[in-house]
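All ligand and atom numbering here is 1-based and tracks the order in the structure. This one's a predicted model, so the numbers in the text were calculated from it and none came from an experiment.
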Amino acid sequence: MKALPKGETINVTENLNFYAGHEPKNLIEKYESPLYVYNENIFRQKCKDMKNIVSYENFQVNYAIKANTNLTLLSIAREEGLCADVSSSGEIVAAMAAGFLPNEIIFIANNISAKEMLFAIEKGILISVDSISQLETYGKIAKGSNVAIRFNSGIGGGHHEKVITGGDGTKFGIMPEYIPQIKEILKKYNLKLVGINHHIGSQNWGDLYIDGVKELLNIAYQFKDLEFIDLGGGFAIPYNKQNGEKPLNLEVLKQLLESYMNEFKESYGKNIKFMIEPGRYIAAECGIVLGTVNSIKTNGEIKYAGTDVGFSVFARPTLYDAHHDIEIYRQSNNSEAENIKEEINIVGNQCESGDYIAKERYLNLKEEDIIAILDAGAYGYSMSSNYNHRPRPAEVLIREDGSLELIRKRESLEDIIKNMIDL
Ligand SMILES: *Cc1c(COP(=O)(O)O)cnc(C)c1O
């Protein structure tokens, strides 16, 4: 078996030694198609990148686990010295199951019930609330305790409207003009504001992130007893590697971040802790979805490759128009003439027109080809569903020594109906 002739694009998996000698075809024979495949080396390297993003001493990386909550990956993140940023009780359960201690978890909560707050409080997990009304709710049930607040500093940015989480047009955070009310509520319930955070959005390349840091630090000066400032996640990854897109320049970011951190530490007069909350940066590039081409057809002008990767398996292209590089693996050798690339849409097997993986790519695809959707480790499995009653795929991990490990079983058809009650 061999990959298609390279043409003008970069063979990303070969560059990364992603499969560590395993054949995608064999992986699919063993675990069925479609399949999530992760590479442990890459995951660990991304954890290290973030840990070392600054040399500022009192610094903590909270992995935003919603990007990928597989327990094995969470345990590895913990081994690498990361803490966890969670967004629900379900994620608290996952983080704790993977060994994170309550003081290594922060719950960045959005519109949660008093009951969900209590769930975290009883476990000793710090909550960051993101509205005046949630702060009131928190005060009533947890008088005299520590709390954090998510601000909306007015800065927002991301790769798609749906992932911008700062600025006027979003539901997140408390705007700084409410600081007087915040102070009243803190006093009323004897709450201690130990930290502030924000998160401006996803897939940011640096400039906007730094603009956000400046704004958040201005807010921080208005509170005297902070123990930490959490600058949020959103670090970009290159989704166009086949065309040579370069990774985030960590060196430039490091210098800028360190200068703001050190300056703040001096003027605030305290060795305050800084945190970040990367999700995508940690998990995206270590993961691939493998799928199989079941049919090729032309409707009108447009050629389609129909695969078993529907948006119940991988939702990002459908949800965000996201670009993901595609690699093709073919068993038999074909002559050059048969390998002519043409414009093609790669789609899934679901009953929705919006169900697609890649639009208008120049590729040569045939039935039974195996395709790889690259950079699928973040917001891949974690956004999958059972739509059309399709079982979610298995997840396998290629360990550092190259061995293969099943880290989530494929769902069965019975799993999908088991919670339903037929009266
Ligand atoms: C989703 C999220 C993150 C992580 O975002 P990435 O773009 O994956 O880095 C960080 N913080 C909060 C509060 C989030 O909701």
Checklist entry - Under 4.0 angstrom from ligand 1, any heavy atom of G234? => result yes
Next on the checklist: Closer than 4.0 Å to some heavy atom of S202 - which atoms of ligand 1 meet that?
Outcome noted: 6 (P), 7 (O)
Item to check | Under 3.5 Å donor-acceptor, N388 side chain and R390 backbone | outcome: no
Checklist entry - Do R78 side-chain atoms and G99 backbone N/O form a donor-acceptor pair below 3.5 Å? => result yes
Item to check | Enumerated ligand 1 atoms positioned under 4.0 Å from heavy atoms of I108 | outcome: 13 (C)
Item to check | Candidate with minimal heavy-atom separation from atom 8 (O) of ligand 1, of F172, Y379, Y63 | outcome: Y379
Checklist entry - Going through the checks in order, is the salt bridge (charged side-chain N to carboxylate O under 4.0 Å, His left out) test met by E80 and K48? => result CA-CA 7 Å; E80 290 292 336; K48 291 186 173 83; 3.2 Å; yes
Checklist entry - Should you measure from each heavy atom of G279, which atoms of ligand 1 turn up under 4.0 Å away? => result 4 (C), 6 (P), 8 (O), 9 (O)
Checklist entry - Side chain of D325, backbone of Q242: donor and acceptor closer than 3.5 Å? => result yes
Checklist entry - Taking N197 for the side chain and I108 for the main chain, is one N or O donor matched with an acceptor at less than 3.5 Å? => result no
Next on the checklist: Below 3.5 Å, N or O to N or O, backbone or side chain included: is there any such pair between Q203 and ligand 1?
Outcome noted: no
Checklist entry - Which atoms from ligand 1 have a heavy atom of D85 less than 4.0 Å away? => result 10 (C), 11 (N), 12 (C)
Next on the checklist: Can you classify the ring geometry of F274 versus Y56 as parallel (below 30°), tilted (30 to 60°) or perpendicular (above 60°)?
Outcome noted: perpendicular
Checklist entry - Is the F235 to Y209 ring centre distance short of 6.0 Å? => result yes
Checklist outcome for this item: Numbered in order shown, the ligand 1 atoms found under 4.0 Å of a heavy atom of R280 are 6 (P), 8 (O), 9 (O)
Checklist entry - With a 4.0 Å heavy-atom cut-off (strictly under), which part of Y281 contacts ligand 1: side chain, backbone, both or neither? => result neither
Checklist entry - In terms of heavy-atom contacts, does CG of N218 have more than 12 from other residues, nucleotides or ligands at under 6.0 Å? => result yes
Checklist outcome for this item: At under 4.0 Å between heavy atoms, what of N197 touches ligand 1? The answer is neither
Checklist entry - What protein heavy atom is closest to atom 12 (C) of ligand 1, reported as residue, atom name and distance in Å? => result E277 OE1, 3.3 Å
Item to check | Contacting atoms of ligand 1, where contact means under 4.0 angstrom from a heavy atom of R150 | outcome: 13 (C)
Checklist entry - Relative to the heavy atoms of P278, which atoms of ligand 1 are at a distance of less than 4.0 Å? => result 9 (O)
Checklist entry - Is the backbone of V313 close enough, under 3.5 Å, to the side chain of Y381 for a donor and an acceptor to pair up by distance? => result no
Checklist entry - Within the side chain of N58, is there an N or O that forms a donor-acceptor pair under 3.5 Å with the backbone of N271? => result yes
Checklist outcome for this item: atom 1 (C) of ligand 1 has as its nearest protein heavy atom K66 NZ, 1.3 Å
Checklist entry - For ligand 1, which part of A64 has a heavy atom less than 4.0 Å away: the side chain, the backbone, both, or neither? => result side chain
Checklist outcome for this item: Logged contact type for H199 with ligand 1, heavy-atom cut-off 4.0 Å, is side chain
